[in-house]
Protein chains: 2
Amino acid sequence: MKTSIKEVAKLAGVSVATVSHALNDTKPVRPETRKRVVDAVGKLNYQVNPMARNLRKGESKMVGFVVANLTNYYYHEISRGLEERLLKDGYRPVLIDSKEEKSIEIENVKDMLASSVDALVIAPTTEDCSYLNFLLQGRKKRIPIIFVDRKPTGYDSDLIMATNEHGAYEGVMHLLAKGHRQIAFFGSRFDPTMNERLKGYKRALTEYDVPVNQNYIKLGSKISVTPKELRHGSCYRHARDLLETHPEVTAIFSGNNLATIGVYTCIREKNLRVPEDIAFMTFDDSFWLTMTTPSISAIAQDPEEFGRMAGDIIFDRLKQDPEAEQQHLHIRVATKMILRESC
Amino acid sequence: MKTSIKEVAKLAGVSVATVSHALNDTKPVRPETRKRVVDAVGKLNYQVNPMARNLRKGESKMVGFVVANLTNYYYHEISRGLEERLLKDGYRPVLIDSKEEKSIEIENVKDMLASSVDALVIAPTTEDCSYLNFLLQGRKKRIPIIFVDRKPTGYDSDLIMATNEHGAYEGVMHLLAKGHRQIAFFGSRFDPTMNERLKGYKRALTEYDVPVNQNYIKLGSKISVTPKELRHGSCYRHARDLLETHPEVTAIFSGNNLATIGVYTCIREKNLRVPEDIAFMTFDDSFWLTMTTPSISAIAQDPEEFGRMAGDIIFDRLKQDPEAEQQHLHIRVATKMILRESC
DNA sequence: TCTAATTAGAAAAACGATTAACTTTGGAGA
DNA sequence: TCTCCAAAGTTAATCGTTTTTCTAATTAGA
């Protein structure tokens, strides 16, 4: 064990209460006494034991971040922003991966609640988050819960996500304006967010009176693997099938970064010229999209900003009276179309 | 607050001690009594409060992972492997970013020790880790400390890292075998690991009787930024300078993934043909190295495996008698050369 | 049948802080 | 001079567990 407040008290010749008050400024302490305490702290290299403090104060200074799929570096970026914001107030994020499995997600949330985190950020795997009602029942103190990236049903709370429908709409409109009419849509998996993007895709087509062809819409399986394995995952196979059976397709809109890895790998292996043979655009920006030849146009989000915003909301909520009826924030962050060489 | 062991005890009509013993199998409990306890637990949806338990037991079930630079997704991969291994035994990693700053690293380690983590994994920013001697002094119970990726001086402990010297040697030998003689070396920053790679580079040159030209060796600054910003960071500028002032250079060996982002961005912007105008090889493999045209050859490590190995060592150490004198493991994991189109 | 050993459970101490409730002292105001 | 209040401490309760120690009851051995 380390040195405790008791030994500090003994060395300083005061009671533990006085040490605590001196250190936390919770009660007036004579300058002379304070000096004795501070000296003792320095001499003993004392640091408070956070477990004892947290147990007593009923808090943990931890924020759980339950991530749908840590394979997706997109979430790491959110985490970066979140961490940056939390550390400013002495809080820490604790990540856990749901691997795109609802059952794991539920376990994760349960686990986090059991660890008595002070707030929870959830990037849900599925739409239905009603399990939260069950998990939270019977709790006296309610904790802030912020959803990011995907909008759940069955449980309402603060929410931060991109203008997915509009972003996809804008991207597909660009492809249409360039003259493309046979445009395919790929997604790494079907979830509420992907659905919004798909809607944007369809709306754009409809606006140009292009019929929606279900054969052009391909959604991958939800297994969670490393990015390297994604190169030849389900999106890769779907892309290969589509390009072989539907050579009339002239453009692809990829619904997210993971799908792009598979689809673009396929395009490369088939030695298709981009954008001449096939135009390409993706949702989500990444540093490597400028390393490809040609560089890849994208509908960009700012995930780090999502993380910082989530942190802001958490501290707002933490400051509020937990009993007060609260209006949930549903924040939509605008996407930005970044045109490069691929379309 | 949530329901505590007290209420379980009351409902089951036993003492808290009995509840604890029944739940932890630390003492024999009559089947009938146990059933009453289990029923009460179920009815109240009771879960132990980990802070109370940890306070009492003097452990935290957390492993601190102090990362040199979380911008580098390489460390996220280590973290993935580590988390996977730790979760199997009910432990959790807690990440913190040192942003390539020694002072931040020291604060982070101090912070982690104060949080009473049960073990520490450190990917150090600097060679000199003697500060640990100071931070650890006066602790009764010593905790396992595992270094990954970079070998420190001033404090000896378990260590896991790649065969950096050999990996770089092998890569540069390949370039030499292909006929290149003017080979540049880029690194994102100078640290012990980069130094090992640089040595491998030099040894290969020497073996071919090629003099080492200091003008061909460029090391970036150590600031920590996002991968997107890295595209035009110090490695980018160094590459631009070198390619303009030393057109005789025909091949580049990049010392790590971050440097590659900058260097390759420059190559692309200059519209140089790879490998005809300039051959390219990098240390560290990434999924996007096959998305570029041409695909990029790499000296691959398996960072996830590093994480798992670190976890294994931690549990070994935790099982050992902490007083026993221990032999520190210095594990070197072999790299693998993956040849693609860039050289 | 009596003693010793075993078993099952309860009581209480401990972990290391915070904090509410007391004590003591000194000074101000009437 | 007396009362009251504020300041600066101390004592003790508390958070929710685990674990040591204690007690009572049962069992085993002779």
Side-chain angles (χ1 to χ4, degrees), chain A residues 1-38 40-41 44-62 90 113-118 138-141, chain B residues 1-38 40-41 44-62 90 113-118 138-141:
Chain A
M1 294 297 90
K2 300 189 320 214
T3 76
S4 80
I5 197 173
K6 232 180 256 176
E7 315 171 47
V8 175
K10 187 183 286 177
L11 181 59
V14 296
S15 72
V16 294
T18 302
V19 175
S20 177
H21 289 309
L23 260 32
N24 299 311
D25 269 327
T26 42
K27 255 191 134 184
V29 169
R30 259 189 312 169
E32 179 203 322
T33 312
R34 159 163 287 125
K35 183 172 174 350
R36 288 220 310 281
V37 169
V38 171
V41 165
L44 297 174
N45 200 15
Y46 167 76
Q47 286 173 286
V48 298
N49 178 327
M51 318 206 114
R53 162 183 286 172
N54 295 338
L55 172 61
R56 177 59 230 251
K57 299 184 77 160
E59 58 181 31
S60 67
K61 298 277 179 185
M62 296 196 303
L113 292 174
S115 308
S116 47
V117 291
D118 296 338
R139 303 199 129 225
K140 299 255 191 327
K141 201 170 54 177
Chain B
M1 294 299 89
K2 303 190 317 214
T3 77
S4 79
I5 198 173
K6 235 182 252 174
E7 315 171 47
V8 175
K10 188 183 289 178
L11 181 59
V14 297
S15 73
V16 294
T18 303
V19 175
S20 177
H21 289 309
L23 261 32
N24 300 311
D25 268 328
T26 43
K27 253 192 136 185
V29 169
R30 259 190 312 168
E32 179 203 321
T33 313
R34 158 164 287 125
K35 183 172 175 348
R36 289 220 310 283
V37 169
V38 171
V41 164
L44 296 174
N45 199 14
Y46 166 76
Q47 287 173 287
V48 298
N49 177 326
M51 317 204 114
R53 161 181 286 172
N54 294 339
L55 172 60
R56 178 59 229 244
K57 299 183 74 161
E59 59 181 27
S60 67
K61 297 276 179 187
M62 296 195 303
L113 292 173
S115 307
S116 47
V117 291
D118 296 337
R139 303 198 130 226
K140 300 258 191 323
K141 202 170 53 176

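What you see below is based on every heavy atom in this structure, not just the backbone, and it leaves out hydrogens, waters and symmetry mates.
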List the protein contact pattern of nucleotides 17-22 of chain D with one symbol per nucleotide (5' to 3'): B for base contact, S for sugar-phosphate-only contact, - for none; contact means a heavy-atom distance under 4.0 Å. BBBBB-
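Among all heavy-atom pairs drawn from A/Gln47 and B/Ala114, the shortest one is NE2-CB, 3.4 Å. For the residue pair A/Glu59 and B/Met51, the shortest heavy atom distance occurs at O-SD, 3.6 Å. Nearest heavy-atom pair, A/Asp25 versus A/Arg34, reported as atom, atom and distance to 0.1 Å: OD1-NH2, 2.8 Å. Across all non-hydrogen atoms, the minimal contact from A/Leu23 to A/Tyr46 is CD2-CE2, 3.9 Å. B/Asp118 and B/Lys61 make their closest contact through OD2-N, 2.6 Å (heavy atoms, listed as atom of the first residue, atom of the second, distance). The two residues B/Val117 and B/Ser60 have their closest heavy-atom pair at CA-OG, 3.4 Å.
Residue B/Val19 is tested with B/Val38, B/Asn24, B/Val37 for a side chain to side chain contact (heavy atoms under 4.5 Å, CB included); the sole match is B/Val37.
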Could you go through nucleotides 23-26 of chain D and list every protein N or O atom that sits under 3.5 Å from one of its N or O atoms, giving the distance for each pair?
none

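To the nearest angstrom, P of C/dC15 lies 16 Å from CG of B/Asn54. Atom CD of A/Glu59 is separated from atom P of C/dT18 by 11 Å (rounded to the nearest Å). Separating the CG atom of A/Asp25 from the P atom of C/dT19 is a distance of 13 Å, rounded to the nearest angstrom. Computed from coordinates, the B/Leu55 CG to D/dG16 C1' distance equals 9 Å when rounded to whole Å. At whole-Å resolution of the value, CG in A/Leu44 and C1' in C/dG16 are 15 Å apart.
Two residues are said to be in side-chain contact when any heavy atoms from C-beta on lie closer than 4.5 Å; A/Thr33 and A/Val14 meet this criterion.
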